[in-house]
Structure formats: C-alpha cells, structure tokens
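The next block holds one structure in the form of structure tokens; read it before the comments.
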Amino acid sequence: MATTRQAHTVWEGNLLEGNGVVTLDSSGIGEYPVSWPSRAEKANGKTSPEELIAAAHSSCFSMALSNGLASAGTPPTRLNTQAEVTFQPGTGITGIHLTVEGEVPGLDEAGFVKAAEDAKANCPVSQALSGTTITLTASLA
C-alpha cells in the first residue's frame, strides 16, 4: 500500500531578506525555520532544503542497507550514516556524499562495501535524486 507524507512551508518576504517555517505535517514533530542565509551561508540555528534532503537520504539509505544485509543473512548490529548535500548558490545541488560505518557480525569489509553500494543505488531517495552525483564511503567499525 502506498503512503504519502506531507510538509509545508510558509514563506514571508523576498528571497534574500525573507524567511520561512517548514512544518512536518505527517509526523507532527516540529516546525523548523529556514532562510536564504541559512541555505547559502551558515546555518545559524535554521535548516535548509539540503539539510532536509540529507536527513531523508541518510535514513532511507540506512533502511535499505539494513534490509539488504538482513536479507543476505548478516543483519547489522548498528549503522551510522551521514549524508552531506553540497549546495552551490547559482548552480544548485552539486553532489551528495554518504558515509556509513557499520557493525555487522560475520561480514568482511568487501562484503559490507558491496552491500552499501547496492543500497546507495537502490534506496528510493537515491533513485529520486539520480540526477545528482552520489558518492559513498563505507567501512566496518
């Protein structure tokens, strides 16, 4: 069964001086301020579309990798995934780098890297972002 999730943003003012609030409607877990300076310069306590993409990508990738490892008979004890989304003003999102460190009993480094590459290629967020260069560093803890 398909699911749909919702978020909305209320923006006030122009791009450079305005600001907005992103609300995560489906989960109800919060409202997060956004602004152009928080996107193109320092975060200063506000989020950005790129940070939200990084959150989505790191969690989706972790789920895909966990599932792939478990399906292969080597379920992970722990996965720690970081996603770095690079934004260049005037150009857009120029790349995403995933870094994952895993604790996977019974699996060697090569097997873990192979499973991570498969998760990178097949997680739904990676597929949705396929127009962007996605790189990966994977290692066992």
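- Identified under the side chain to side chain donor-acceptor pair (under 3.5 Å) test for residues 69-85, with sequence neighbours left out: Ser62-Thr81.
- Here the closest non-hydrogen pair linking Val104 and Pro75 is CG1-O, 4.1 Å.
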### Task
Please lay out, stage by stage, how Leu69 and Leu107 fare under the test side-chain contact (heavy atoms from CB on, under 4.5 Å).
CA-CA 9 Å; Leu69 290 166; Leu107 189 64; 3.5 Å; yes
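- The two residues Thr132 and Thr94 come nearest to each other via the heavy atoms CG2-C, 4.4 Å.
- The OG1 atom of Thr135 lies 7.0 Å from the CG atom of Leu98; values are rounded to the nearest 0.5 Å.
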Less than 3.5 Å apart, which donor and acceptor atoms pair up between the side chains of residues 109-121 and the rest of the protein, not counting sequence neighbours?
| unit_1 | atom_1 | unit_2 | atom_2 | d |
| --- | --- | --- | --- | --- |
| Glu109 | OE1 | Leu140 | N | 3.4 |
| Glu109 | OE2 | Leu140 | N | 3.4 |
| Asp118 | OD1 | Asn122 | ND2 | 2.8 |
| Lys120 | NZ | Ile134 | O | 3.1 |

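- Contact check for Ser126 versus His57: side-chain heavy atoms found under the 4.5 Å cut-off.
- Side-chain atoms of Tyr32 and Leu52, non-hydrogen and from C-beta on, never get closer than 4.5 Å to each other.
- Val10 and Val34 fall into different hydrophobic clusters, where Ile, Leu, Val, Met, Phe, Trp and Tyr are joined by side-chain heavy atoms under 4.5 Å apart, directly or via other members.
- No donor-acceptor distance shorter than 3.5 angstrom exists from the side chain of Thr23 to the backbone of Asp25, with no hydrogens or angles considered.
- Residue Gln6 places its CD atom among more than 12 non-hydrogen atoms of other residues, nucleotides or ligands, all under 6.0 Å distant.
- No more than 12 heavy atoms of other residues, nucleotides or ligands lie within 6.0 Å of CD in Glu12, so this atom counts as exposed by the packing criterion.
- For the pair Ile53 and Leu129, the minimum side-chain heavy-atom distance is below 4.5 Å.
- In terms of heavy-atom proximity, Ser59 sits nearest to Ala56 at OG-O, 3.1 Å.
- Between the CG atom in Leu79 and the OG atom in Ser66 there is a gap of 6.0 Å [rounded to 0.5 Å].
- Counting heavy atoms from C-beta on, the side chains of Val100 and Leu136 come closer than 4.5 Å.
- The hydrophobic clustering, which links ILVMFWY residues whose side-chain heavy atoms are closer than 4.5 Å, places Trp11 and Leu16 apart.
- Minimum interatomic distance between Pro33 and Gly45 (heavy atoms only, all atoms of both residues): CG-O, 4.1 Å.
- Panel note: side chain Trp36, backbone Ser38; no donor-acceptor pair is recorded below 3.5 Å.
- Shown here for Lys46 and Ser35, the closest heavy-atom pair between the two residues is CD-OG, 3.7 Å.
- Note that CD1 of Ile96 and CZ of Phe87 are 13.0 Å apart. Values are rounded to the nearest 0.5 Å.
- Taking 4.5 Å as the limit, some side-chain heavy atom of Ile93 sits within range of a side-chain heavy atom of Val85.
- Residues Glu103 and Pro76 form no side-chain contact, since every pair of their non-hydrogen atoms from C-beta on lies 4.5 Å or further apart.
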